[in-house]
Amino acid sequence: MAVCYQLPVLALDRPVPKHVLSRRGAISFSSSSALFSPTPRHLSKRRGAISYDSADQTALFIRLLGEAKRTLSHTVSGTRVCFVFRSCLLPAVSVFTSCCLSVHFLLSQCLLPVVSVFTSCCLSVYFLLLQCVLQRVGCWDFDVFLLDRLTNGNSLVSLTLHLFVHYGLIRLFQLDVVKLRRFLVCVQEDYRSHNPYHNALHAADVTQAMHCFLREPQLAETLTSCDILLGLVAAATHDLDHPGVNQRFLVQTEHHLAALYQNTSVLENHHWKSAVGLLRESGLLAHRPASERLKMEERLGSLILATDISRQNDYLSQFRCHLQSGDLRMDNANHRHFILQMAMKCADICNPCRPWRLCKLWSSKVTEEFFHQGDTERKHNMEVSPMCDRQTNSMAKIQIDFISNVVEPLFSEWSRFSATPLSRVMMGHLSANKAGWRPQRLVLAAPLSKVLPQGSSLSSRRGGDA
């Protein structure tokens, strides 16, 4: 479906370049009035936000694309403006504004009232749709990809700011809203958008997952406001300025970060220090006592450092010991912080526990990033890192190994600690997704055996990865 707005016709005083016409959301012309039939079905096949009928010289149409949400109507000076909205409203409003400027719509006084009403209506419906999406932020099947399209790539800022308001953190910590937004914008911009996986969208997904864990009864009843604040900030910044390669690559290439952090939790230390730098630069916590700020920065670091996958077994062993002895006390600040670390770890690698559709999307992105690193290593005659060799791996194989060796052990223990409906849903998705990957792995089993040297096996290679 599409959105069609019938506006008074205006002469276009300059030609539109062909390269602009070829882009989605640009301007397109047609001499066929059949395209402007009352039903928007025909327009959905056309590109462009603005369509101009040069045959009858009577109408100029503007349309928006997206997933149908609701239908509204408004009448201005006898012109009926029909709204059939779907999901991507903000990009369309941006396109509409740029197109209006490019064809000098604002030169016509007769169109100004219509443009003004149109823009205000679009913005009103946009904020309405955004609120509708964010109302489901506590649902495990929350679609962060939809939020990212709706916010024109600003999902991390929009979601984190919404959660700060939801938990009342702005009031409790007397935060300056301008500084908070500046901090979040800087965080989002410090993620490298060219990374297929470790980017701001992944940070938004982890922040949403962290919110789900913070709502679990054992945490919601005991966590302090400071715990919640640190949990959300850690989730939003846990992969800040990620270079798109793993620690092994940085060490082998003698990267300056590896030397700076002495080959120990190189990426995680960099993420933490980058987050602290942005906190200080933004002045978000400048009004708090210096001792309190330093303590919060240290606790933030321990949460981000907990995401180091190389230390997975250490955290998991400690978690199992607590569960077996039953000595976890949520009124103990150290125990609460440890549980917050485990929640942070779960949120970071929760993609295989999402519904199959979301799981496949994230799997595709992380596999692309892995293989890009492998290609770089091969290009420079380096040893290709495990899971990064596209010649001996597949997306299904990588996911099954990751689920079996990393995700299942962690989430099994989390389910013991928090035996809630959310845990049952996550474990159900995890089992179903693992089963969904198996047929795809078997398809590649024959070609894979030809690549491996004689006497070697997949299981022996995976043993080294774990």
Side-chain angles (χ1 to χ4, degrees), residues 197-198 202 205-206 209 238-239 242 245-249 251 265-268 305-321 323-324 341-354 356 358-360 362-371 373-374 377 383-417 423 426-445 448-449 451-452 456-466:
Y197 182 79
H198 289 103
H202 166 64
D205 182 64
V206 173
H238 79 285
D239 274 333
H242 197 292
V245 294
N246 59 21
Q247 174 173 297
R248 184 176 184 270
F249 183 91
V251 172
S265 298
V266 176
L267 289 171
E268 290 72 25
L305 289 172
T307 63
D308 185 355
I309 203 70
S310 65
R311 300 184 59 198
Q312 169 90 348
N313 291 334
D314 297 337
Y315 284 96
L316 204 53
S317 298
Q318 187 177 353
F319 198 23
R320 285 178 179 142
C321 289
L323 293 177
Q324 290 173 359
Q341 288 178 309
M342 299 307 298
M344 185 71 238
K345 292 180 64 62
C346 289
D348 187 30
I349 61 172
C350 71
N351 297 150
C353 299
R354 298 285 192 179
W356 176 245
L358 298 176
C359 173
K360 285 194 298 182
W362 288 118
S363 300
S364 175
K365 290 178 176 295
V366 74
T367 303
E368 180 184 353
E369 189 168 298
F370 284 166
F371 286 169
Q373 175 181 327
E377 291 170 332
E383 180 184 355
V384 180
S385 300
M387 297 193 302
C388 297
D389 192 345
R390 68 172 71 247
Q391 296 180 0
T392 60
N393 283 291
S394 68
M395 181 165 64
K397 174 185 178 300
I398 292 173
Q399 287 303 306
I400 291 176
D401 289 350
F402 184 62
I403 290 173
S404 301
N405 299 326
V406 180
V407 183
E408 275 184 338
L410 176 61
F411 276 85
S412 296
E413 299 305 321
W414 179 265
S415 298
R416 287 177 58 195
F417 165 73
S423 295
M426 292 190 298
M427 295 303 293
H429 286 315
L430 187 61
S431 299
N433 293 339
K434 186 177 180 180
W437 288 119
R438 286 198 184 101
Q440 301 181 43
R441 182 179 186 175
L442 293 177
V443 172
L444 296 176
L448 205 57
S449 62
V451 177
L452 296 176
S456 64
S457 64
L458 289 176
S459 58
S460 63
R461 290 195 171 201
R462 286 199 303 273
D465 298 346

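These figures come from a predicted structure and were not determined experimentally.
Between His238 and His198, the ring centre distance reaches or exceeds 6.0 Å. Under the 6.0 Å cut-off for aromatic ring centres, Trp414 and Phe417 qualify, their centroids lying closer than that.
Tested against Phe371 for a side-chain contact (heavy atoms from CB on, under 4.5 Å), the candidates Val384, Asp389, Ile398 yield a single pass: Ile398.
Looking only at side-chain heavy atoms (C-beta outward), Met427 and Cys353 stay at 4.5 Å or farther from each other. Taking the side chain as every heavy atom from C-beta outward, Trp437 and Ser363 approach each other to under 4.5 Å. Inter-residue side-chain proximity for Arg320 and Pro409 is flagged as met; some heavy-atom pair is nearer than 4.5 Å. Side-chain contact check for Val366 versus Gln399: some heavy-atom pair is nearer than 4.5 Å. Inter-residue side-chain proximity for Arg390 and Phe370 is flagged as unmet; no heavy-atom pair is nearer than 4.5 Å. The closest side-chain heavy-atom distance from Ile349 to Phe402 is below 4.5 Å. Considering only heavy atoms from C-beta on, Gln312 comes within 4.5 Å of Lys345 through its side chain.
Heavy-atom minimum distance, Gln373 versus Val245: OE1-CA, 3.3 Å. Closest approach of Cys359 to Pro352, counting heavy atoms only: SG-CA, 3.9 Å. Heavy-atom minimum distance, Gln247 versus Val266: OE1-N, 2.8 Å. For the residue pair Phe319 and Met342, the shortest heavy atom distance occurs at CD2-CE, 3.5 Å. For the residue pair Phe411 and Met426, the shortest heavy atom distance occurs at CE2-SD, 3.7 Å.
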Is there a side-chain contact (heavy atoms from CB on, under 4.5 Å) between Trp356 and His429? Walk through the geometry before answering. CA-CA 7 Å; Trp356 176 245; His429 286 315; over 6 Å; no
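Using a 4.0 Å cut-off between charged side-chain N and carboxylate O, Glu383 and Arg248 make a salt bridge. Ion pairing between a basic and an acidic side chain is recognised when a charged N comes within 4.0 Å of a carboxylate O; Glu413 and Arg416 show such pairing.
Using a 3.5 Å distance cut-off with no hydrogens or angles, the side chains of Ser265 and Asp308 do pair a donor with an acceptor. Between the side chains of Lys397 and Thr392, no donor-acceptor pair is found at a separation under 3.5 Å. Inspection of the Asn351 and Asp205 side chains reveals an N or O donor paired with an N or O acceptor under 3.5 Å.
Taking CD of Gln440 as the reference point, atom OG of Ser394 lies at 8.0 Å (rounded to 0.5 Å).
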